[in-house]
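As the structure lists them, so they are numbered: ligands from 1, and atoms in each ligand from 1.
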Amino acid sequence: MLRMVDVGGMRYRVVDEGLGPAILFVHGFPLDHTMWAAQVAEFSRTNRVIAPDLRGFGGTDGTLYAVSMQQFADDLEELLIALEVERPITFCGLSMGGYIAWQFVLRHPQWVERLILCDTRAAGDSPEAASNRLKMADIVTKEGPEPVVWAMMPKLFSRMTTERRPEIAEQVRQTVMNTNPLAIAAAHRGMAIRPDVTEQLPNFHLPTLVLVGEHDAISPPAEMMGIANALPNARFVQIPDAGHMAPMEDPVAVNRAIRDFLVMTR
Ligand code: MLT
């Protein structure tokens with residue numbers, strides 16, 4: 001069920017479906033909850049699935065000049081409280097959703113019993129990457145989302161997805177084109193200053209699934225394997241023939257990996 005919920009003056013759009021231990025699905029940049037459609041369908045059979053649109057994205061309002069990963073994490077805690085979600089939850093984030101996951105665990109550890117990190121990074125931006133993000137934030141504010149579509153689309157999918165399932169790329173393109181440019185700019189500014197958590201990885205003791213598409217061009221398998229190796233309690237799964245958007249590109253394989261992980265860590 002898609003709900004609109006008021007949280008501290010912000011109006012959130014969020015999928016809240018199913019019963020059982022809660023799984024929070026946090027989307028990547030600059031998308032919304034629709035990227036998790038296949039996971040919502042599968043896991044709402046056994047779990048309470050919460051899949052929000054983050055501040056400013058999709059149908060949620062409240063964007064600011066810059067939104068830090070810490071701010072997104074605090075927003076999510078308020079949302080979980082407003083929805084009266086029972087603790088503890090499984091936190092599943094993709095890419096920017098993973099950057100938020102680190103901050104959520106650091107700031108609200110009492111909420112999380114396991115982590116699923118899809119196609120994400122522990123490192124912060126290099127000075128050059130950060131400066132490019134700040135430039136892009138200004139461009140998008142003036143010109144709308146199209147420059148982000150041009151910059152990102154070639155990096156999001158494996159060649160196989162682009163050739164065999166072009167409708168997925170089209171769905172993502174539409175989502176980005178419909179996204180509030182101010183929210184895109186705000187998240188870019190937030191990601192540019194996100195903390196590097198590499199040195200802290202040995203302190204993340206939660207059972208963690210580290211999942212990556214074989215051809216992810218943004219958070220490549222070697223880098224994600226490095227994250228899994230640095231975490232004390234992680235399992236690494238690579239999804240063949242998928243790219244950065246693995247949960248959309250091969251939902252069957254991704255759902256199987258998540259299901260196995262949930263059973264194994266029950
Ligand atoms: C995402 O998919 O959320 C983005 O690739 C994150 C980023 O730009 O670093």
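- Not one N or O of M152 is nearer than 3.5 Å to an N or O of ligand 1, by distance alone.
- Using a cutoff of 4.0 Å between basic side-chain nitrogens and carboxylate oxygens, R48 and E86 are not scored as salt-bridged.
- The shortest contact between atom 4 (C) of ligand 1 and any protein heavy atom is with S95 OG, 3.2 Å.
- Under a 4.0 Å criterion applied to the non-hydrogen atoms of I218, ligand 1 contributes the atoms 5 (O).
- For F204 and W102, the ring centers sit closer than 6.0 Å to each other.
- Only the side chain of R133 comes within contact range of ligand 1, with a heavy atom under 4.0 Å; no backbone atom does.
- In summary, D53 and R13 engage in a salt bridge, as defined by a charged side-chain N under 4.0 Å from a carboxylate O.
- In this structure the side chain of F72 never reaches within 4.5 angstrom of the side chain of V26, judged on heavy atoms.
- Taking atom 3 (O) of ligand 1 as the reference point, the nearest protein heavy-atom neighbour is F29 N, 2.7 Å.
- Surrounding CD of Q174 are more than 12 heavy atoms belonging to other residues, nucleotides or ligands, all under 6.0 Å away.
- Within the 4.0 Å heavy-atom criterion, the part of H244 lying near ligand 1 is the side chain and not the backbone.
- At least one N/O-N/O distance between M96 and ligand 1 falls below 3.5 Å.
- Those atoms of ligand 1 with a heavy atom of G28 less than 4.0 angstrom away are 3 (O).
- Taking the ring centroids of H27 and F57, they lie under the 6.0 Å cut-off.
- Remark: the Q70 side chain and the D74 side chain contain no N/O donor-acceptor pair separated by less than 3.5 Å.
- By the criterion of a heavy-atom distance under 4.0 Å, the side chain of M191, and not its backbone, is placed next to ligand 1.
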